[in-house]
Amino acid sequence: MSQHSRNDQEQRRFEELHELRSRGIDPYPHVFEKTHSSLEILSHYSDESPETFSDVSVAGRIMAIRKMGKATFATIQDQQGRIQIYVKQDELPDFYTCINLLDIGDIVGIKGYVFRTRMGEISVHAREAALLTKSLRPIPIAKEETDADGNKIVYDAFSDKELRYRNRYVDLIVNPEIRHVFEKRSMIISAMRRYFDDHGWMEVETPILQPLYGGASARPFITHHNALDFDLYLRIAIELYLKRLIVGGFEGVYEISKNFRNEGMDRTHNPEFTMMEIYIAYKDYYWMMDMVEDLFQTIADKALGKRETTAGEHVISFEQPFRRAKMFDLFQEYAGMNLRGLNRAELLQAARSLNVEVASDATAMKILDEIFSQKVEHHLIQPTFVMDYPVEMSPLAKAHRTEEGLVERFELFINGNEIANCFTELNDPVDQRKRLEDQALDRAGGDEEAMVLDEDFLQAIEVGMPPTAGLGIGIDRLVMLLTGQESIRDVLFFPTMRPEA
RNA sequence: GAUCUCGUAGCUCAGUGGUAGAGCAUCUGACUUUUAAUCAGAGGGCCGUAGGUUCGAGACCUACCGGGAUCACCA
């Protein structure tokens, strides 16, 4: 703070702080005994039995203060909401001499009784009042008014995206609706965790710092271990370690944790993001589709209280069953072409005829991917399992039991976005080694995102992994979907930002 | 990484090449049921940064810094 030049408002608050201390008032006391939240009082107070709330104690941040000479009203905000407090000079003369030293943003504690004002607002009449924390920086204050039609009008909202992300603590104070997004995020994750735990699957932790990275196609962040003098990678996926645990004899393991990918940032990408991966022994991807349907209904019930959510003009339903469609059938349906079994030249031709732009050196799989994302994805609004991908796109998925050249894989699309990814996991060690060797060749050929060959992982698979189904869910995107947010930055407390100039 | 766009008071924003503005917030005074409290007054600015054009730049030009959007890469 000494380096920071204070503006006039900050300077004045510092002076108030010293004035409070010089009057023997501790502006930062250690504890306060709080008995009620704002919401408990507002939702349970009744004019018939005011004695129920004749002795309450509330605490919160001053969001508005109206001084009227010998009496003062203030609105304080706690985690649940806001409530008005009322302080009279003749009842609290000592506190009242300091009332001019209080500002919006200060945190106070009030003991007293609940009453209803002449204007009908339930309020706390103070018998005791204490400053709990003096605020030294002014917070932006939005004013709200409800017009004759009942519409809420907000004046001077704190809306600058940059400031909101960089000073999220201020954003959370003055924009309560963003707090609801994060409360819902927490409920979604805990509902998911409870669902897995209730089924007996075990939450585990595996390395984030890894000597090799794998399990996805992406460029990693690189860091360095000083004592051992070697480079480590921040993981890009959880997959390979969880499979080692299945080899080790656990039959259901999951992990919810950050992954890191050193790539571009936009509305749906942040360099660190939260992934859930779960592996269940003796199951396949058909079983996993049933499980995912059940899981999503459970989460919707608990976090939303209903089995639908709104995304733009669409109402998305989580009622079973979700649509199940094979990838190549969807090409037929939405692009009007059968792309199954076409070679690279033929796919390039198909892309041109569909007006899908692809790089001239794109691989067959890149072309297929591009046609899918441009012609099919945006049609997949209601939850849809897209099944059976080409083997070249999925080096860790098991070959399809009946379809030549395809693997047993599904991606769950909702509102045009990929939300989950699942395989019947590849446990044939010979096939797995061949696939990773092919990736290594692509890598040598200049594909920076091709997977690195992890010999220890291959040895684990050679020890023997039982038939297993694996699932990954992008938690941030799921939260975006269920909270109606359009940017990943609005579901992350502290999204990655460039350093300030 | 590319393109477009934005950056003016603590916050939200006006600003026609010619003296830097408003509302809220802040300060002083009045006010014991107010609630966008009200009433009377006051202070507050490196106009993102650095160059350039011009008699004169917050505005026009260039570069840079930061944000947002779109695209590319990816989940």
Side-chain angles (χ1 to χ4, degrees), chain A residues 5-13 15-16 63-75 82-92 96 100 103-105 115-123 125 137-147 152-167 170-171 174-175 215-219 236-237 259-275 357-359 366 369-370 373 411 413 417-421 447-449 472-478 480 486-489 495 497-501:
Chain A
S5 63
R6 291 177 207 130
N7 65 34
D8 59 337
Q9 293 189 37
E10 290 163 352
Q11 183 59 40
R12 190 188 49 72
R13 285 177 181 228
E15 288 161 7
E16 287 172 351
M63 300 304 287
I65 188 162
R66 294 177 287 281
K67 297 171 192 170
M68 301 189 316
K70 298 184 179 62
T72 293
F73 287 92
T75 302
R82 294 183 177 190
I83 191 163
Q84 179 169 267
I85 58 172
Y86 180 54
V87 182
K88 286 167 78 173
Q89 182 183 47
D90 53 9
E91 295 172 343
L92 291 171
Y96 215 89
N100 281 326
D103 290 296
I104 288 173
F115 73 111
R116 189 183 290 275
T117 66
R118 202 175 287 163
M119 300 300 288
E121 179 157 351
I122 297 167
S123 308
H125 189 129
R137 284 175 183 257
I139 54 173
I141 284 304
K143 297 243 171 178
E144 289 179 4
E145 180 180 50
T146 308
D147 69 12
K152 194 193 264 185
I153 305 169
V154 180
Y155 300 85
D156 302 331
F158 179 56
S159 57
D160 184 302
K161 288 266 187 189
E162 176 181 5
L163 289 175
R164 291 182 57 191
Y165 296 143
R166 289 193 194 278
N167 300 329
V170 175
D171 190 26
V174 302
N175 292 320
S217 302
R219 287 154 66 189
I236 59 171
N259 284 352
F260 306 85
R261 298 189 185 175
N262 204 341
E263 282 159 358
M265 297 162 59
D266 61 27
R267 231 172 44 251
T268 57
H269 296 85
N270 195 68
E272 61 179 283
F273 62 103
T274 302
M275 181 69 87
E357 293 226 4
V358 290
K366 284 241 158 61
D369 208 28
E370 195 58 36
S373 63
E411 292 189 314
F413 282 82
N417 291 315
E418 184 202 332
I419 297 291
N421 184 21
D447 184 350
E448 277 189 85
E449 286 166 359
I473 295 178
I475 297 293
D476 309 293
R477 290 182 180 181
L478 177 64
M480 287 167 66
E486 290 181 354
S487 171
I488 196 170
R489 295 184 150 190
M497 302 285 284
R498 254 182 240 261
E500 279 185 274

After noting the C-alpha distance and the side-chain angles of Thr72(A) and Tyr96(A), does the key distance pass the side chain to side chain contact (heavy atoms under 4.5 Å, CB included) rule? CA-CA 9 Å; Thr72(A) 293; Tyr96(A) 215 89; 2.7 Å; yes
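- Distance noted for atom C1' between rG1(B) and rC60(B): 29 Å (whole Å).
- Looking at residues two or more places apart in sequence or on another chain, you find a side chain to side chain contact (heavy atoms under 4.5 Å, CB included) between Glu121(A) and Gln84(A), Thr117(A), Ser123(A).
- Contact check for Glu16(A) versus Asn100(A): no side-chain heavy atoms found under the 4.5 Å cut-off.
- Among the atoms of the strands shown, none is found under 4.0 Å from any heavy atom of Ile419(A).
- Separation of the P atoms belonging to rC4(B) and rU62(B) is 10 Å when rounded to the nearest angstrom.
- Every residue two or more places apart in sequence or in another chain that forms a side chain to side chain contact (heavy atoms under 4.5 Å, CB included) with Asp266(A) is listed here: Thr268(A), His269(A).
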Which dot-bracket string fits RNA chain B when only Watson-Crick or G-U wobble pairs with both atom distances under 3.5 Å count, crossing pairs get [ ], and | stands for a partner on a different strand? (((((((..((((....[..)))).(((((.......))))).....(((((..]....))))))))))))....
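- Side-chain nitrogen and oxygen atoms of Arg477(A) include none within less than 4.0 Å of the OP1 or OP2 phosphate oxygen of rA75(B).
- In the interface, the side chain of Thr117(A) is paired with the base of rU34(B) through a donor and an acceptor atom under 3.5 Å apart.
- Donor-acceptor pairing under 3.5 Å, judged by distance alone, is absent between the side chain of Arg118(A) and the base of rU33(B).
- To the nearest angstrom, C1' of rG48(B) lies 12 Å from CG of Leu163(A).
- Within the nucleic acid shown, Glu272(A) has no heavy atom closer than 4.0 Å to any nucleic acid atom.
- Relative ring orientation between Phe115(A) and Tyr86(A) is described as tilted, the plane-to-plane angle lying within the 30° to 60° band.
- Ala218(A) pairs by the side chain to side chain contact (heavy atoms under 4.5 Å, CB included) definition with Ile236(A), Arg261(A), Glu263(A), not counting sequence neighbours.
- In this structure Asp171(A) satisfies the side-chain hydrogen bond (donor to acceptor under 3.5 Å, both in side chains) test together with Arg164(A), Arg168(A), Asn175(A), sequence neighbours excluded.
- The interatomic distance linking Asn262(A) (CG) with rG1(B) (P) rounds to 12 Å, in whole Å.
- For the pair Asp90(A) CG and rU33(B) P, the interatomic distance rounds to 11 Å; values are reported in whole Å.
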Set out, line by line, the N/O atom pairs under 3.5 Å between protein and nucleotides 70-72 of chain B.
| unit_1 | atom_1 | unit_2 | atom_2 | d |
| --- | --- | --- | --- | --- |
| rU70(B) | OP1 | Arg267(A) | NH1 | 2.4 |
| rU70(B) | OP2 | Arg267(A) | NH1 | 2.7 |

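- For the pair Glu486(A) CD and rA69(B) P, the interatomic distance rounds to 10 Å; values are reported in whole Å.
- Separating the CD1 atom of Ile104(A) from the P atom of rC11(B) is a distance of 15 Å, rounded to the nearest angstrom.
- Rounded to whole Å, atom C1' of rA75(B) lies 8 Å from atom CD1 of Ile488(A).
- Each of Gln89(A) and Asn100(A) has a nearest nucleotide on RNA chain B; the 5'-most of these lies closest to Asn100(A).
- Taking all atoms of both residues into account, the shortest heavy-atom contact from Ala420(A) to Ile473(A) is CB-CG1, 3.9 Å.
- As judged by a 4.0 angstrom heavy-atom cut-off over every strand, Thr72(A) is placed among residues making no nucleic acid contact.
- Only the C1' atoms considered, rC47(B) is 4 Å distant from rU8(B), to the nearest whole Å.
- Under the stacking definition used here (centres under 5.5 Å, planes under 30°), the residue Phe273(A) qualifies as stacked on the base of rA75(B).
- For rA37(B) and rU26(B), the P atoms lie 10 Å apart once the distance is rounded to whole Å.
- Across rG23(B) and rC39(B), the matching P atoms stand 12 Å from one another, rounded to whole Å.
- Here the separation of rG7(B) from rU12(B), taken at their C1' atoms, is 14 Å to the nearest Å.
- Side-chain atoms of Glu121(A) come within donor-acceptor range of the base of rU35(B), with a qualifying N/O pair under 3.5 Å.
- OP1 or OP2 of rG67(B) sits under 4.0 Å from a side-chain N or O of Arg166(A).
- Scanning both residues, Glu10(A) and Pro138(A), for their nearest heavy atoms gives CG-CD, 3.7 Å.
- For Phe73(A), counting side-chain heavy atoms from C-beta on, the closest listed nucleotide (rG67(B), rU33(B), rC11(B)) is rU33(B).
- Rounded to the nearest Å, the gap between the P atom of rU38(B) and that of rC24(B) is 8 Å.
- Using a 4.0 Å heavy-atom cutoff across all strands shown, Gln84(A) reaches at least one base atom of the nucleic acid.
- Nucleic acid contact class of Asn417(A) (heavy atoms, under 4.0 Å, all strands): none.
- Considering only residues two or more places apart in sequence or on other chains, Arg219(A) meets the side-chain hydrogen bond (donor to acceptor under 3.5 Å, both in side chains) condition with none of them.
- For the atom pair CZ of Arg267(A) and CD1 of Ile488(A), the computed distance is 11.0 Å after rounding to the nearest 0.5 Å.
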Taking only nitrogen or oxygen atoms into account, show me every contact under 3.5 Å that the protein makes with nucleotides 39-44 of chain B, one pair per line with its distance.
| unit_1 | atom_1 | unit_2 | atom_2 | d |
| --- | --- | --- | --- | --- |
| rG43(B) | N2 | Asp8(A) | OD2 | 3.4 |

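- For rA37(B), one of the phosphate oxygens OP1 or OP2 lies less than 4.0 angstrom from a side-chain nitrogen or oxygen of Arg66(A).
- No contact: Arg219(A) has no heavy atom under 4.0 Å from any strand.
- Evaluation of the salt bridge (Lys or Arg N to Asp or Glu O under 4.0 Å) rule for Glu411(A) yields Arg409(A) as partners, not counting sequence neighbours.
- rG67(B) atom P lies 12 Å from atom OH of Tyr165(A), rounded to whole Å.
- Listed by chain and residue number, nothing satisfies the side-chain hydrogen bond (donor to acceptor under 3.5 Å, both in side chains) test with Glu486(A) (two or more places apart in sequence, or in another chain).
- A distance of about 34 Å separates the P atoms of rU19(B) and rU28(B), rounded to the whole Å.
- For Asp369(A), there are no side-chain hydrogen bond (donor to acceptor under 3.5 Å, both in side chains) partners, not counting sequence neighbours.
- The distance from atom CZ of Arg12(A) to atom C1' of rU28(B) is 12 Å, rounded to the nearest whole Å.
- Side-chain proximity of Met68(A) to the nucleotides rU35(B), rA37(B), rG67(B) is greatest for rA37(B).
- Looking at residues two or more places apart in sequence or on another chain, you find a side chain to side chain contact (heavy atoms under 4.5 Å, CB included) between Met497(A) and Glu162(A), Tyr165(A), Arg166(A), Arg489(A).
- The base of rU26(B) lies outside donor-acceptor range of the side chain of Asp103(A), with no N or O pair under 3.5 Å.
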